[in-house]
Amino acid sequence: MSTRSVEDDEELAMAALRDLQPEEKLERLLAEERELEQERFDLDDAWAVGSWLRATAIERGLGVAVAVAFGEQRVFHVATPGSGAVNDAWLDRKFRVVRHFGHSTLAVRTQYEADGTTFRDSSALDPLLYQAAGGGFPLRVRGALVGVLGVSGLEMHADHELVVEALRAHRSASSA
């Protein structure tokens, strides 16, 4: 019988993602995006995913801000103890990147790294408005970008992994 916890498994997954070479990391990130494309995602789904993230963050003692937006409309937003207004600003910057590129913020960052540069140096986008740090994730319904889900407050890989975990949990609950 294993004594490893869910948190231990998640930490191993994050470490593995952080340690990958940019090309392999990008392949994995894009595969996650394809895996987590939805058949439908409406206001009830936004509430369910956001509420799951809040409950999970509180249970784990994580200080984060969570938001879901459809287009420019923020349809869910919550903060847990330990987060601050700065996390809301980071969410805004991450959401702009997802809308601009159509991919997760971590995938966008990794694409620049795979090209031998950085987002900040080569994107030509204002870093006060755009930030390619993990935690912003595209919400796609049958191929169309309909919104963005984001977490801010942790190390960028942890932000990303928490979003992916939430979407996977939602998919499992929806198919049950």
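For the numbers below, each heavy atom of this structure counts, side chains included, while hydrogens, waters and symmetry mates do not. All residue numbers in this chain count up from 1 along the given sequence. Quick caveat: nothing in here was measured; it's all calculated off a predicted structure.
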I would like to know whether S123 and Y130 meet side chain to side chain contact (heavy atoms under 4.5 Å, CB included); could you show each step before the answer?
CA-CA 9 Å; S123 71; Y130 295 83; 6.0 Å; no
Evaluate salt bridge (Lys or Arg N to Asp or Glu O under 4.0 Å) for E161 paired with R28, printing each intermediate quantity in order.
CA-CA 12 Å; E161 289 293 332; R28 177 172 161 189; 3.7 Å; yes
Check the pair E35, R168 against side chain to side chain contact (heavy atoms under 4.5 Å, CB included), reporting the backbone distance first and the verdict last.
CA-CA 9 Å; E35 169 201 347; R168 285 180 175 150; 2.8 Å; yes
From CA spacing to verdict: side chain to side chain contact (heavy atoms under 4.5 Å, CB included), R34, R140
CA-CA 9 Å; R34 288 187 300 274; R140 291 190 180 280; over 6 Å; no
Test log, rule side chain to side chain contact (heavy atoms under 4.5 Å, CB included), inputs F119 and V97:
CA-CA 10 Å; F119 179 82; V97 168; 3.9 Å; yes
Could you go step by step and tell me if E39 and R142 meet the salt bridge (Lys or Arg N to Asp or Glu O under 4.0 Å) rule?
CA-CA 6 Å; E39 281 299 309; R142 293 186 222 126; 3.4 Å; yes
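Going from atom CG of D88 over to atom NE2 of H77 covers 3.5 Å, rounded to the nearest 0.5 Å. The distance from atom OG1 of T80 to atom CG of L53, rounded to the nearest 0.5 Å, is 10.0 Å. Distance check, rounded to the nearest 0.5 Å: CZ of F95 to CG of L129 gives 15.5 Å. Between F41 atom CZ and L36 atom CG the span is 10.5 Å, to the nearest 0.5 Å. D126 CG to R93 CZ: the interatomic distance, rounded to the nearest 0.5 Å, is 8.5 Å. For the atom pair CG of L149 and NZ of K94, the computed distance is 10.5 Å after rounding to the nearest 0.5 Å.
Looking only at side-chain heavy atoms (C-beta outward), Q38 and R171 come within less than 4.5 Å of each other. Side chains of Q111 and E23 form no contact here, defined as non-hydrogen atoms less than 4.5 Å apart. Using a 4.5 Å heavy-atom threshold, the side chains of L106 and D159 count as separate. Between L30 and H103, the closest side-chain pair of non-hydrogen atoms falls below 4.5 Å. Residues H100 and L125 meet the side-chain proximity criterion, which asks for heavy atoms closer than 4.5 Å.
Of the listed residues (V68, L145, V148), just one forms a side-chain contact (heavy atoms from CB on, under 4.5 Å) with L139, and that residue is V68. Here the options are R109, E32, E165, E155, the test is side-chain hydrogen bond (donor to acceptor under 3.5 Å, both in side chains), and the partner is H160; only E32 passes.
Taking all atoms of both residues into account, the shortest heavy-atom contact from V108 to A132 is CG1-CB, 4.2 Å. Here the closest non-hydrogen pair linking G71 and R99 is O-NH2, 2.8 Å. Considering all non-hydrogen atoms of both residues, G143 and E37 come closest at N-OE2, 2.7 Å. Of all heavy-atom pairs between F76 and V78, the closest is CE2-CG1, 3.4 Å. Minimum interatomic distance between S122 and T117 (heavy atoms only, all atoms of both residues): OG-OG1, 2.5 Å.
No donor-acceptor distance shorter than 3.5 angstrom exists from the side chain of N87 to the backbone of V64, with no hydrogens or angles considered. Not a single donor-acceptor pair under 3.5 Å links the side chain of E24 to the backbone N or O of P22. Proximity of a side-chain donor or acceptor of S104 to a complementary backbone N or O of F137 within less than 3.5 Å is not detected. Without hydrogens or angle criteria, S83 side chain to A79 main chain gives no donor-acceptor distance under 3.5 Å.
Tracing side-chain contacts under 4.5 Å through hydrophobic residues (I, L, V, M, F, W, Y), one reaches L167 starting from V146; they form part of the same cluster. No continuous path of ILVMFWY side-chain contacts below 4.5 Å connects L20 to V163, so the two sit in separate hydrophobic clusters. Both V141 and V164 are part of a single hydrophobic cluster, where members link through side-chain heavy atoms under 4.5 Å apart. L91 and W47 are members of different hydrophobic clusters when ILVMFWY side chains are connected at heavy-atom separations under 4.5 Å. Using a 4.5 Å cut-off between side-chain heavy atoms of Ile, Leu, Val, Met, Phe, Trp and Tyr, with links allowed through other members, V49 and V75 fall into the same hydrophobic cluster.
The cationic atom of R96 (NZ for Lys, CZ for Arg) does not lie both less than 6.0 Å from the six-membered ring centre of F101 and within 45° of the ring axis.
Taking R40 as the reference, D42, D45 meet the side-chain hydrogen bond (donor to acceptor under 3.5 Å, both in side chains) condition, with sequence neighbours excluded.
Applying the 6.0 Å contact sphere to CD of E27 captures no more than 12 heavy atoms from other residues, nucleotides or ligands. At most 12 non-hydrogen atoms from other residues, nucleotides or ligands lie less than 6.0 angstrom from CZ of R54.
Connectivity analysis of hydrophobic side chains (ILVMFWY, heavy atoms under 4.5 Å, direct or indirect) links V86 to W90.
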